[in-house]
Amino acid sequence: MTVFSEPVADIAGADDTTMFVFYRESLSENAAGNGIATSNRVRIKPVDGVLTTPPLEPGPAKVEWNGKKYDVVIPDSPTPVRLWPQIQNYNPPPKATVYAVTLDDATDTVIASNVSDAESDTRAALDATYATHANLARNPDLLIVGTVTRNGNGAATSAPVVWPDGSPGTYTATTLSTAFPGAVDAYTITYGSPVTRTYTQPAVTRNAAGAATAVPAIVVS
């Protein structure tokens with residue numbers, strides 16, 4: 001179970017008490033695997049400029065604020081976490097408006113109109129989704145929901161994951177550090193069942209202290 005705790009203020013810095021609503025779109029098994037998590041809405045109003053939720057079930061969820069809906073994945077954390085990083089990680093920024101511009105030679109008037117291209121929009125949406133997923137794959141803790149298998153050194157070797165759209169997957173460590181037992185140098189995270197995509201983190205390079213000094217880009221296959 002996880003508590004969200006987040007200061008909330010408007011652009012002028014004044015406390016904002018607009019209601020936040022947390023819910024799941026459908027019934028699902030709870031994180032403990034011994035019951036059902038319902039889709040009832042949980043409404044929380046910030047108090048004194050701070051949003052503090054009751055303990056929430058880990059897993060995919062929706063957050064509604066002022067009529068706008070956002071996808072999040074509630075992590076399993078023993079300490080309170082911020083809500084904004086979850087919203088930022090699972091919701092791509094709004095697309096920029098594209099215009100076709102024509103200049104009238106006689107009047108020097110610029111005429112602008114929105115350009116609609118269904119194929120381009122679809123490609124852009126897919127690119128945004130892949131980019132968002134690749135960013136999430138950088139931090140497996142944001143996706144892991146369920147039991148984590150660890151080796152004798154404490155390194156996380158495998159775990160189930162749930163993507164923002166509810167699709168399942170699996171985290172698997174592929175290279176464990178020999179110089180720094182307990183550290184994972186490379187891993188994969190799959191998407192879908194059956195698997196439709198795999199996000200691979202190639203092996204990182206570490207310095208003498210064990211800190212990563214070179215982290216290759218996530219590879220999508």
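No hydrogens, no waters, no symmetry mates; every other heavy atom, side chains included, goes into these values. Numbering starts at 1 and runs along the sequence shown.
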- prompt: Can you list the residues that meet the side-chain hydrogen bond (donor to acceptor under 3.5 Å, both in side chains) rule with Thr53, with sequence neighbours excluded?
  reply: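 With neighbours one apart ignored, the set is empty.
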
Nearest 0.5 angstrom please: [X] [atom1] to [Y] [atom2], how far?
{"X": "Gln88", "Y": "Arg82", "atom1": "CD", "atom2": "CZ", "result": "8.5 Å"}
{"X": "Leu51", "Y": "Ser5", "atom1": "CG", "atom2": "OG", "result": "7.5 Å"}
{"X": "Leu143", "Y": "Tyr90", "atom1": "CG", "atom2": "OH", "result": "4.5 Å"}
{"X": "Ile189", "Y": "Thr170", "atom1": "CD1", "atom2": "OG1", "result": "10.0 Å"}
{"X": "Phe20", "Y": "Glu6", "atom1": "CZ", "atom2": "CD", "result": "8.0 Å"}
{"X": "Met19", "Y": "Lys45", "atom1": "CE", "atom2": "NZ", "result": "6.0 Å"}

Over all heavy atoms of both residues, which pair between [X] and [Y] is shortest? Give the atoms and the distance, please.
{"X": "Arg206", "Y": "Val184", "answer": "NH2-O, 2.9 Å"}
{"X": "Leu136", "Y": "Pro164", "answer": "CD1-CG, 3.7 Å"}
{"X": "Ala156", "Y": "Ala173", "answer": "O-CB, 3.5 Å"}
{"X": "Asn139", "Y": "Tyr187", "answer": "N-OH, 4.3 Å"}

What donor-acceptor contacts under 3.5 angstrom involve side-chain atoms of residues 56-70, with partners at least two apart or in another chain?
residue, atom, partner, partner atom, Å
Glu57, OE1, Ala31, N, 2.7
Lys62, NZ, Asp71, OD1, 2.6
Glu64, OE1, Arg41, NH1, 3.0

Applying a strict under-4.5 Å side-chain criterion to I, L, V, M, F, W and Y, I'd like to know whether [X] and [Y] cluster together.
{"X": "Val47", "Y": "Val3", "answer": "no"}
{"X": "Leu142", "Y": "Val162", "answer": "yes"}
{"X": "Ile74", "Y": "Tyr23", "answer": "no"}
{"X": "Ile144", "Y": "Leu176", "answer": "yes"}
{"X": "Ile87", "Y": "Val42", "answer": "yes"}

No-hydrogen, no-angle side-chain donor-acceptor test under 3.5 Å, Asp165 and Tyr191: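 Distance-only check passes for Asp165 and Tyr191.
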
task: Please answer whether the main-chain N or O of Pro75 pairs with a side-chain N or O of Thr2 as donor and acceptor at a distance below 3.5 Å.
output: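 It does hold such a pair.
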
- prompt: Can you check whether Phe4 reaches Pro80 side chain to side chain, under 4.5 Å on heavy atoms?
  reply: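 Side-chain contact under 4.5 Å: no.
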
